[in-house]
Amino acid sequence: MEQRQKQFSLWYFLAAIAIMLAIQNLFFGPHAANLSYSEFKTLLRAGKVSDLTLEERAIRGKLRPEGLEGLVSKEKLEELKKFGQGEHRFVTVRVDDPTLVQELEASKVRFTGQLENTWLPTLLSWILPALIFFGLWGFFMKRMGAASGVLEIGKSKAKVYMEKQTGVTFADVAGIDEAKGELMEIVEFLKTPERYRRLGGKIPKGVLIVGAPGTGKTLLAKAVAGEAGVPFFSLSGSDFVEMFVGVGAARVRDLFAQAQTKAPCIIFIDELDALGKARGVGGVMGGHDEREQTLNQLLAEMDGFNTEKGVIIMAATNRPEILDPALLRPGRFDRHVALDRPDLKGREQILRVHAKQVTLSPEVDLAAIAARTSGFVGADLANLVNEAALLAARKGKNAVEMADFDSAIDRIVAGLEKKTRVMNPKEKETVAYHEAGHALVAESRPQADRVLKISIIPRGVAALGYTQQLPTEDRYLLRKTELLDRLDVLLGGRVAEELVFGDVSTGARDDLQRATDLARHMVTQYGMSEHLGLATFEEPRTPLFLNVPAPQGPREYSERTAEAIDDEVTKLLADARSRVRDTLTTRRSTLDALAKLLLEKEVVDRAALDRLLGAPSA
Ligand code: ADP
Ligand code: ZN
């Protein structure tokens, strides 16, 4: 590639020189025959010269064509005939001849003197070498740059893409109806900004879409643009990270300036976390200068512009927790849309969208495929349909069959299992009982928060499932009995595993940690232990400073007290465990039913839970 490029520019160079020579020849080439001075003198004396121009270094003139034979050689005559028909033009070098003027006057030849026009040759003699020099210099710099990347400085990797029409609509986005509903308002606003303005309504500036990779964040943002029929500007936060100081900020400024002229429109920033990491987080060297400048520019732009024009900024991240809080303040990304991994129904809908692109054999059951792909996100499902189609094509089939989907699932699952995004059936059962345990204990304790939703869709390495609880009211004070109930709920998962499988898994690590912390706080800070009384024993930890936990102060109590604290904590946990054991043993049939429902549906919401609890034996 590089070799070819080199030849290429060399050819350009040669061609340019050739063209220049040709032009020069055309304008400054010979327009007259060359005569020697003696020939000129002979002709002059013979009275054949008519007009003469004396230049500094040459003599130009015309000859009368008649009777030239014998005065000049035959070849010269031929040459002379080429220049001028009636009168032959000639040129000769002017030699030092003091008597020339007298001779001319004597032979009555009309003659004029002329100052030579020298600016052009002079100019060329300066400019040409300069041009050649710069040409060569540029050529070598380019080659060096290609090798070392030096000249890439100006050309940043952060590209802003602008799509007039994304061509994506809400119909292309399946299984996330809730998120679509939330964004409908934005679409309406972009369609008719005047209407909202008239009513004085405030439209959000920034919408943050939060979700695991491949859950369709980009797709959703594009769909909003597509539905509203507005241009879509996009850039990725991670592109800014390696850039030189100042470039990123300039890009952001450009982007907003461009977007203003195209309003209404959407600006989409992918991987906002790369750009908007909390300042001071990560990196021993402190903040990343460039990133901070870019982030500050982004904040400034967001504060500076007016939504009235109809510019909406959307951003995507899968790590909202590390974002700089400044980004989430009112007037910035204050609207949040969460994309969960799709549940059974959602997966089927997504499969349906992508299956439109391929020819399906009638026996293909998308619902069955959805059931087998727990943990898959939208991108995985799109990939699955594509894989299956490729497999079918390779086998020369006319339609994609169930067998192709089976092989494709196996292939993709193998890849995903490494990332622990897909569980095997045994793991799934364990997680189902674990979550059912949490939920059932929560439902059995009057003071525990109500269960909102239970899910066994894996959300990453740490959490294989979760039970979401909704506090019924904001609480500032918690009584001891409430904290004990909380402790029970935390242990519910682990105890259910013990009870059902007679064996435990590593999945309860986080629960146990939180339970231990809670018990410890009860003993050391809230004075809730009968043994140790009302004394508090540990200073609350100072908040994180630059992500480094502040060192714990020296212990202010004796070894014996320390032991007593440990004993109390252990006792609190042991008591909770036996209470939970009792609860789950008496409600075992409900536990089984809930776990079964979870395995089947993957997500159990409040309504489904109520139905189940209403008829525990079902
Ligand atoms: P993210 O930005 O969250 O990483 P993308 O929006 O880039 O994910 O999704 C990648 C691809 O996965 C999309 O182009 C689309 O083909 C597919 N996809 C993801 N989610 C969905 C969905 N909800 N419905 C249909 N297709 C989806
Ligand atoms: Zn748990």
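Here, residue 1 is the first one in the sequence, and each next residue gets the next number. Every number for a ligand or one of its atoms is a count from 1 in the order of the listing.
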* Answer yes or no as to whether an N/O/S atom of D510 is found below 2.8 Å from the Zn ion (ligand 2). => no
* If you look only at pairs with a residue in residues 172-185, which of them pass as a side-chain hydrogen bond (donor to acceptor under 3.5 Å, both in side chains), with sequence neighbours excluded? -> E185-R335
* Location of contacts on H354 toward ligand 1, heavy atoms closer than 4.0 Å -> side chain
* Asked: Is ligand 1 under 4.0 Å from a heavy atom in the side chain of I176, in the backbone, in both, or in neither?
  -> side chain
* To do: Looking only at N, O or S atoms, find the one in D511 nearest to the Zn ion (ligand 2) and name it.
  => OD2
* With heavy atoms only and a cut-off of under 4.0 Å, state how P213 meets ligand 1: side chain, backbone, both or neither. => backbone
* Metal site angle (apex the Zn ion (ligand 2)), NE2 from H438 and NE2 from H434, 10 degrees -> 90°
* Any N or O of G175 that comes nearer than 3.5 Å to an N or O of ligand 1? -> no
* To do: For side-chain hydrogen bond (donor to acceptor under 3.5 Å, both in side chains), just list the numbers for R341 and T215, CA-CA rounded to whole Å, side-chain angles, deciding distance to a tenth of an Å, and then say yes or no.
  => CA-CA 6 Å; R341 286 173 191 279; T215 42; over 6 Å; no
* **Output field: ring centroids F268/F233 closer than 6.0 Å** => no
* Is it the side chain, the backbone, both or neither of I350 that has a heavy atom closer than 4.0 Å to ligand 1? -> side chain
* To do: Would you check whether D380 reaches within less than 4.0 Å of ligand 1, judged by its heavy atoms?
  => no
